[in-house]
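For reference, the structure is listed below as structure tokens.
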Amino acid sequence: DQQVKQNSPSLSVQEGRISILNCDYTNSMFDYFLWYKKYPAEGPTFLISISSIKDKNEDGRFTVFLNKSAKHLSLHIVPSQPGDSAVYFCAARGNAGNMLTFGGGTRLMVKP
Amino acid sequence: DAEITQSPRHKITETGRQVTLACHQTWNHNNMFWYRQDLGHGLRLIHYSYGVQDTNKGEVSDGYSVSRSNTEDLPLTLESAASSQTSVYFCASSDGSGYGYTFGSGTRLTVV
């Protein structure tokens, strides 16, 4: 039973437009959420995070939104750039220990 | 600079052979993790360790083992390699805060 789901395996957007990546979770005990970015032949790298006590966190072109009632978070990238093309993983931390549970990933392709 | 390194980057082995993948970190992190990445499944936890002499099974631990004799290293052993273990393997470490992992660059293992 996947506790963290990314239902869109891929997403294609035009350069300059907004990219919206979605993530759903089932465990209400998750208290911290993260997004990781992964380029081919590299390990995932941390991108942005949000605590469960907040509903929005912004860092430059990247904004993460959290809707606790819907158990849904999203990553917005504005404006999208070709260098943003990568696989994005959503992850969640349970409040018992620091284990992260990852979603299946979404491959973002930003076309010039 | 602190880092986490995996070796080898690529490995081809035959079915039934024992294989060990190395993971070495200089962050002085207590927590270390092994994941495998497969299309459609994202990152799945194999084994993890919260310190020296501590090891725990993850979601997909069958056929794998780890040992932790020091802080820096968590080698992953495939006791008898199977074709189903063809995958990309990532090692990660964390300081225990749960605020994110640092990943290695991965090992691509092919079992023929």
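The sequence lines fix the lettering, A, B, ..., with proteins before strands; numbering per chain opens at 1.
- With a 4.5 Å cut-off on non-hydrogen atoms, B:R108 does not touch chain A at all.
- There is a path of hydrophobic side-chain contacts, each under 4.5 Å, that joins B:F33 to B:V88.
- Taken together through direct or relayed side-chain contacts under 4.5 Å among Ile, Leu, Val, Met, Phe, Trp and Tyr, A:F62 and A:I20 form parts of separate hydrophobic clusters.
- At a 4.5 Å heavy-atom cutoff, the contact between B:Q37 and chain A is made by side-chain atoms alone.
- In this structure, A:I18 places its CD1 atom where more than 12 heavy-atom neighbours from other residues, nucleotides or ligands lie under 6.0 Å away.
- By a heavy-atom distance cut of under 4.5 Å, A:F102, A:G103, A:G104 are the residues of residues 101-112 of chain A near chain B, going up by number.
- Cluster annotation: A:L34 and B:Y35 are assigned to the same hydrophobic cluster (Ile/Leu/Val/Met/Phe/Trp/Tyr, side-chain heavy-atom contacts under 4.5 Å, transitive).
- There is no contact between B:D38 and chain A, counting heavy-atom distances below 4.5 Å.
- Within a 6.0 Å sphere centred on CZ of B:R17, other residues, nucleotides and ligands contribute 12 heavy atoms or fewer.
- Note: the hydrophobic cluster containing A:Y25 also contains A:Y88 (ILVMFWY, side chain heavy atoms under 4.5 Å, direct or indirect links).
- Under a 3.5 Å cut-off, the side chain of A:Y36 and the backbone N or O of B:Y101 do form a donor-acceptor pair.
- Contact record, B:F90 with A:K38: CZ-CE, 3.2 Å, taken as the closest heavy-atom pair.
- Neither the backbone nor the side chain of A:P9 comes within less than 4.5 Å of any heavy atom of chain B.
- When all heavy atoms of B:L43 and A:P44 are compared, the closest pair comes out as CD1-CG, 4.2 Å.
- Taken together through direct or relayed side-chain contacts under 4.5 Å among Ile, Leu, Val, Met, Phe, Trp and Tyr, B:Y48 and B:W27 form parts of separate hydrophobic clusters.
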